[in-house]
Undergrad: 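If you scroll down you'll find the structure; I have some questions about it.
The chains referred to below are lettered A, B, ... by the order of the sequence lines, with proteins before strands, and numbering in each begins at 1.
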2 protein chains.
Amino acid sequence: MKIALIQQKSYKIKQATIDKTVGYIQKASKNGAELIVLQELHQTEYFCQSEDTKFFEYASSWQDDIKFWSSIAKKYNIVLVTSLFEERTAGLYHNTAVVFDRDGSVAGKYRKMHIPDDPAFYEKFYFTEGDLGFEPIDTSIGRLGVLICWDQWYPEGARLMTLKGAEILIYPTAIGWFDEDSVEEKNRQLDSWITIQRSHAIANGVPVVSCNRVGFEKDSSEVLDGIRFWGNSFVCDPQGELIAHANHQEEIILYATIDKQRTKEVRNIWPFLRDRRIDRYGDLVKRYCD
Amino acid sequence: MKIALIQQKSYKIKQATIDKTVGYIQKASKNGAELIVLQELHQTEYFCQSEDTKFFEYASSWQDDIKFWSSIAKKYNIVLVTSLFEERTAGLYHNTAVVFDRDGSVAGKYRKMHIPDDPAFYEKFYFTEGDLGFEPIDTSIGRLGVLICWDQWYPEGARLMTLKGAEILIYPTAIGWFDEDSVEEKNRQLDSWITIQRSHAIANGVPVVSCNRVGFEKDSSEVLDGIRFWGNSFVCDPQGELIAHANHQEEIILYATIDKQRTKEVRNIWPFLRDRRIDRYGDLVKRYCD
């Protein structure tokens with residue numbers, strides 16, 4: 001199965017950004033991609049760099065956004081993983097991945113479960129934590145374990161998706177560097193980010209797909225300079241081996257071929273699911289054991 | 001805090017192997033190591049390559065082994081992590097790490113919780129799965145999260161040790177290649193093994209210490225050729241960065257300096273423990289959600 005990840009920049013106008021994305025989708029589908037994954041909050045700039053109620057306006061198009069991306073999935077006959085700003089009701093918003101099947105139907109949605117809150121990543125202001133749990137989404141090309149960005153640091157999310165039959169783990173994401181950090185610190189952060197996601201592939205024997213934003217986006221509040229999104233979108237196989245890897249500065253359609261049979265081979269060699277000590281995992285639902 | 005890992009070969013005679021180990025301990029303590037970690041089942045060859053009741057004899061010295069390593073810890077004034085074959089009663093054995101404090105006292109023990117069973121790693125024949133749970137061990141130099149080999153593939157074990165306050169995760173281990181595998185497969189296996197353990201450091205914000213066996217050991221049953229233990233013992237910091245890394249073929253004392261303060265810095269930058277969705281982790285205690 002051929003898949004494509006669209007790693008792209010944000011253009012200042014939403015429509016300009018969407019036009020770019022659709023152009024890439026058209027190209028990727030022409031090149032045979034059956035599954036296309038977009039980056040986190042791909043319709044706009046990463047607005048969570050500051051806390052400003054004006055940005056809730058971006059969620060007002062939620063219903064129209066769904067209609068639009070549905071039409072794109074249908075037009076290009078692809079399974080499409082989008083990442084949208086969900087307005088559930090006034091004052092209640094989610095960071096939500098909506099997955100469309102080839103016929104344009106909504107295959108399912110996932111509301112980001114782990115919400116970060118760091119300088120320039122003020123997501124707890126914008127997004128209520130997801131209440132749909134860690135539930136994979138069934139599509140015509142397989143059962144997809146869609147998670148979002150900060151979720152990628154949590155082995156629990158990846159494991160739960162696997163236990164529920166996810167055949168691929170997919171992370172739309174938006175992560176980057178601050179220019180003032182040292183080269184060493186930047187390398188450490190990027191390497192940690194790749195490593196933790198590859199580890200989910202290894203621990204669970206499933207391929208992992210991570211689609212990240214690229215390019216510099218200024219902090220509109222001017223408190224900080226801005227974020228240089230580090231790209232590096234990648235796909236790894238069920239043993240954690242990188243099979244496709246984008247660079248850190250350019251828009252790109254990253255293609256990969258997923259061999260679903262490989263999961264079975266890898267899990268038969270390394271049967272980690274066989275030996276989990278579920279009788280002694282009870283404390284995992286505690287905040288801390290003090 | 002200076003630590004040392006002793007990556008070594010097995011010599012055919014137990015006493016010869018132990019003499020080598022003690023020589024390395026003497027040297028490492030002279031060089032200032034306060035914590036010394038030995039590899040899995042360091043007293044003998046890796047006997048689990050075949051299933052033979054004669055090897056249970058190796059566990060008959062369990063009480064004497066404890067006395068001996070206690071005397072070594074005391075003599076060299078070190079905290080010592082050993083990995084022994086525990087005879088609990090006739091027909092009931094464990095793969096057990098015993099940790100000694102500087103005064104020679106037993107600080108605690110950990111019975112391997114996840115037991116593998118693969119061709120040439122027939123551990124389910126020899127070892128009952130541990131029943132002490134994932135409990136860190138308090139010592140004069142800190143609270144140690146000691147786990148063993150196959151445990152290293154399980155994010156659950158690392159997380160539980162962290163939730164119980166472990167300051168360092170320590171894996172005595174014995175893993176290697178089969179010579180008939182391709183170079184590519186060997187590289188994938190080694191890289192996966194390093195990656196999954198580095199991920200435990202990243203997910204939990206703790207340093208990870210992994211001490212592996214090295215050298216070729218023939219399969220005494222002659223069913224398979226044998227295992228070429230891949231060495232590569234390493235230490236990584238709480239961000240997953242490798243700070244010490246041994247090669248794949250030589251005996252070595254691998255030194256590293258652990259900065260316990262670094263955990264706090266890293267966790268304050270990346271506060272993953274803050275955002276765990278413990279309200280939705282309940283299914284982690286299920287074998288599979290079907």
Undergrad: Please classify the contact of B:Leu132 with chain A as side chain, backbone, both or neither, using a heavy-atom distance under 4.5 Å.
TA: backbone
Undergrad: Quick check on A:Trp193 against chain B: is it the side chain, the backbone, both or neither that has a heavy atom closer than 4.5 Å?
TA: neither
Undergrad: Quick check: under 4.5 Å, non-hydrogen atoms only, which of residues 154-166 of chain A neighbour chain B?
TA: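 Interface residues of residues 154-166 of chain A: A:Tyr154, A:Pro155, A:Glu156, A:Arg159, A:Leu160, A:Thr162, A:Leu163, A:Lys164, A:Gly165.
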Undergrad: Please answer whether the main-chain N or O of B:Asp117 pairs with a side-chain N or O of A:Arg274 as donor and acceptor at a distance below 3.5 Å.
TA: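 Yes; judged by distance alone, with no hydrogens or angles, the pair exists.
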Undergrad: Which one, A:Arg277, A:Lys286, A:Glu241, leads in non-hydrogen pairs under 4.5 Å with chain B?
TA: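 That would be A:Arg277.
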Undergrad: Given 3.5 Å as the limit, does a donor-acceptor pair link the side chain of A:Arg276 with the main chain of B:Tyr288, or not?
TA: no
Undergrad: Which answer fits B:Gln189, side chain, backbone, both or neither, if we ask what part of it has an atom under 4.5 Å from a heavy atom of chain A?
TA: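 Contact with chain A is through both the backbone and side chain of B:Gln189.
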Undergrad: Using a heavy-atom distance cut-off of less than 4.5 Å, which residues of residues 171-188 of chain A contact chain B?
TA: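 Listed by number: A:Glu185, A:Arg188.
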Undergrad: What are the two closest non-hydrogen atoms of B:Ile196 and A:Ala203, and how far apart are they?
TA: CD1-CB, 3.8 Å
Undergrad: Can you list the residues of residues 263-273 of chain A that sit under 4.5 Å from chain B, counting heavy atoms only?
TA: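 Residues of residues 263-273 of chain A touching chain B at under 4.5 Å: A:Ile269, A:Trp270, A:Pro271, A:Phe272, A:Leu273.
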Undergrad: With a 4.5 angstrom heavy-atom cut-off, which part of A:Gln239 approaches chain B: side chain, backbone, both or neither?
TA: both
Undergrad: Is the shortest heavy-atom distance from the side chain of B:Lys124 to the side chain of A:Asp275 under 4.5 Å?
TA: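 Sidechains of A:Asp275 and B:Lys124: in contact.
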Undergrad: Quick one: does A:Arg198's side chain have a donor or acceptor within less than 3.5 Å of a partner on B:Ser199's backbone?
TA: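 Side chain of A:Arg198 to backbone of B:Ser199: no pair is present.
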Undergrad: Test: salt bridge (charged side-chain N to carboxylate O under 4.0 Å, His left out). Region: residues 199-213 of chain B. Which pairs qualify, not counting sequence neighbours?
TA: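 Non-adjacent pairs meeting salt bridge (charged side-chain N to carboxylate O under 4.0 Å, His left out): B:Arg213-B:Glu217.
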Undergrad: Counting heavy-atom pairs closer than 4.5 Å to chain B, which one of A:Asp290, A:Ile194, A:Thr195 comes out on top?
TA: A:Thr195
Undergrad: For the CG atom of B:Asp191 and the CG atom of A:Leu242, what is their distance to the nearest 0.5 Å?
TA: 8.5 Å
